[in-house]
Amino acid sequence: MTKIRKIVENSLYFLSSNLITFTLGFISAIILARTLKPTNLGIFHQVQWFTGLISTFLSLGFLTCLIKYTAMFRAKGEQRNIMSMIRFVVYTELFITGVSTIFLILFATPIADMFFSPQESRLFIIGFLAITPGMLTAIFSAVLEGSQLFKYQGLHALTITPAALLVKILLMLNGFGVESLLWSNLFFSLFNLLFYFFAAKREHLMDGWQGKTTMLTKVKKEILKYNRSVFSIAIVDQIVWSRSENFFLGRFCHASQVAYYNLSQNLILKLTGIIPNLMWKILLPVASEQEGDGQFENRKKTYYHSIRYSAFILFPLITICLICAYEIIFILYGQDYSQAEGCFQILCIGALITSLTQPGAAMIYACNKQQFIFYYGSCLAVLNILMDFILIPRYGALGASICFTTVTVLGAIGGFIFIYKNLKLKVPWVSLLKITFACNCMALVVFLLIRQDTSLFNIFSSFKQWVQHTLSFNPEFILGARTIRLLFSVTAGCIVYLLISLSLFSLSRDDIKIIRALEKYLPKSTVEFLLKWKQK
């Protein structure tokens, strides 16, 4: 029970911090898109993507390694190895990223010219300067995640994240351009580094840093061997899962096509990415502990229930995004981005399947079976590059979305087969079928309502006129007929989904344990209702 409560508390810390980040980030993304317009937004995303790509290569796979082995060492009480591992990774990355940053700055002009023109070289330079502080931040954050100390993410979401997003919003509203956003990112990357450094220090994860204690040679070899496999996977991962299409879009298409593709990607990730990210961050250290302690039955249960809960939340969300794609894009970003509708719908189809991959990925890494990801991912990477060459020059952002969706769906299917056959983990097929049925019923309701004439939902016309006259602010974005129609359709669909789900599902013993772990976070009446509801 204590273990379940710990997982629940960590999940709540993570969700609360990410919900705050999601809300503020969503607002800033809307203002960013509406202010910059497609061309400048495409340039901004390309700079962000390229520096992120370089950071992934320079990380050498250490971040995943830190999460896994911090969890394992803590389970065994080997604090010395944790500190020695952090020290080794920090010194290694300081040297690698420092040298690489100098090299990248020297070649910033040809890099910028490869995608756009030499005039954007200054933007790339600013992005390169943020690589080293960003990498160090990721190191200390990974150690805290491996220690399952997610409360610091919540604190970060309440302090630095709102400040960073508020600065971006103010910069955009006052007419500053892409360069100001990149300077803002650099400035706050330094604050993030200080925050996570002192958090790790406060939790005594760096005690003995100045000493001469080192890891045992056997342990160090094991970590480096694991790290090599993770790094090779990270390279493949950048091609299959991490928007490698941006390279071809930047080379062969106008910057606006980069904007349409990235806007669609960011939108689906913002709306549906919290739960998959939660599954990865919570399950990797938990599964690593279970692997280290030999708790194989608990590992099976952890995977089984993580799939159930992920699907219960994500399937209806993605279904709504698929049906209401045009309305969502039009309301949030405006007519300038209407061409992103097709990209968004295609990515929704892929997200519906790939949304359940993170629990499996966490289990594979925790069990040291990640070589499968490398071999299978290498085949998908070759396929992805071939598709990119064929489709992107001709179809632009739409072709990029087709490539990404096709390859990631194939990756998800292969991962499910591997987990089922090799790790002997059970997939909750019956629960997935019930959730799918409930989603289809919800989809029918949303589909019928979202196509009703907007005149039926123009219920705040007088109030809108008063607000515009009094405050000189057009509230169409919030109170417009399109927005009201969308909210009404989604609300009605969600009610149908919940009612059907309540009639189809019953609580298992593990569900009851999880609900009891939530007692101090939920109203007593809610807990009592759930516990009385169709217990097995």
Side-chain angles (χ1 to χ4, degrees), residues 26 29-30 33 38 41-42 45 240-246 248-249 253 256-276 311 313-357 384 387-388 390-392 394-413 435-436 438-452 454 482-483 485-487 489-490 492-494 497:
F26 208 63
I30 293 170
L41 182 65
H45 280 307
V240 178
W241 296 95
S242 299
R243 308 188 198 185
S244 61
E245 289 76 17
N246 269 14
F248 297 92
L249 286 169
C253 304
S256 60
Q257 294 296 313
V258 180
Y260 298 145
Y261 177 67
N262 281 274
L263 180 138
S264 302
Q265 278 273 21
N266 289 338
L267 184 56
I268 192 65
L269 286 175
K270 286 183 183 297
L271 293 174
T272 64
I274 293 178
I275 299 300
I313 297 172
L314 291 174
F315 277 20
L317 272 176
I318 298 172
T319 301
I320 289 171
C321 289
L322 179 62
I323 296 172
C324 305
Y326 181 79
E327 298 298 321
I328 293 172
I329 291 174
F330 184 88
I331 292 170
L332 294 179
Y333 303 109
Q335 185 66 39
D336 290 337
Y337 295 92
S338 59
Q339 293 184 47
E341 178 194 4
C343 301
F344 186 54
Q345 287 180 319
I346 293 170
L347 293 172
C348 283
I349 295 171
L352 199 62
I353 299 173
T354 60
S355 60
L356 304 182
T357 57
N384 195 26
M387 292 181 66
D388 287 344
I390 296 170
L391 295 179
I392 291 178
R394 186 173 182 180
Y395 299 106
L398 196 64
S401 301
I402 294 172
C403 295
F404 181 85
T405 297
T406 302
V407 175
T408 53
V409 166
L410 290 174
I413 293 171
I435 293 169
T436 301
C439 279
N440 287 331
C441 296
M442 177 201 70
L444 179 61
V445 173
V446 176
F447 180 82
L448 293 174
L449 291 176
I450 200 67
R451 278 155 180 76
Q452 298 300 309
T454 54
R482 279 181 176 272
T483 304
R485 182 177 64 179
L486 176 63
L487 294 175
S489 304
V490 170
C494 289
Y497 175 75

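Because the structure is predicted, anything quoted here is derived from the model rather than measured.
Remark: R394 CZ is loosely packed, at most 12 non-hydrogen atoms of other residues, nucleotides or ligands lying under 6.0 Å away. Other residues, nucleotides and ligands place no more than 12 heavy atoms under 6.0 Å from the CZ atom of F447.
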> Does the pair I402 and Y395 meet the rule for a side chain to side chain contact (heavy atoms under 4.5 Å, CB included), with working shown?
Replying inline: CA-CA 10 Å; I402 294 172; Y395 299 106; 6.0 Å; no
>> side chain to side chain contact (heavy atoms under 4.5 Å, CB included) for N440 and L444? Distances and angles first, verdict last.
In response: CA-CA 6 Å; N440 287 331; L444 179 61; over 6 Å; no
>> Test side chain to side chain contact (heavy atoms under 4.5 Å, CB included) on T319 and V446; report intermediate values, then the result.
In response: CA-CA 10 Å; T319 301; V446 176; over 6 Å; no
>> Using the rule given for side chain to side chain contact (heavy atoms under 4.5 Å, CB included), can you reason through N384 versus E245, listing the C-alpha separation, both sets of side-chain angles and the distance that settles it, and then say yes or no?
In response: CA-CA 9 Å; N384 195 26; E245 289 76 17; 3.1 Å; yes
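Between the CG atom in L410 and the OG1 atom in T354 there is a gap of 11.5 Å [rounded to 0.5 Å]. Separation of atoms CZ (F344) and CD1 (I329) is listed at 6.0 Å; rounding is to 0.5 Å. To the nearest 0.5 Å, atoms CG (L314) and CD1 (I353) are separated by 13.5 Å.
Taking the side chain as every heavy atom from C-beta outward, F248 and M387 never approach each other to under 4.5 Å. Between Y261 and L249 there is a side-chain heavy-atom pair separated by less than 4.5 Å. A heavy-atom distance below 4.5 Å is found between the side chains of L41 and Y337.
The side chain to side chain contact (heavy atoms under 4.5 Å, CB included) test with E327 singles out one residue from I450, V490, T483, and that residue is I450. When each of L317, T405, I320, L322 is tested with C348 by the rule side chain to side chain contact (heavy atoms under 4.5 Å, CB included), just one qualifies, namely L322.
Proximity of a side-chain donor or acceptor of R482 to a complementary backbone N or O of I331 within less than 3.5 Å is not detected.
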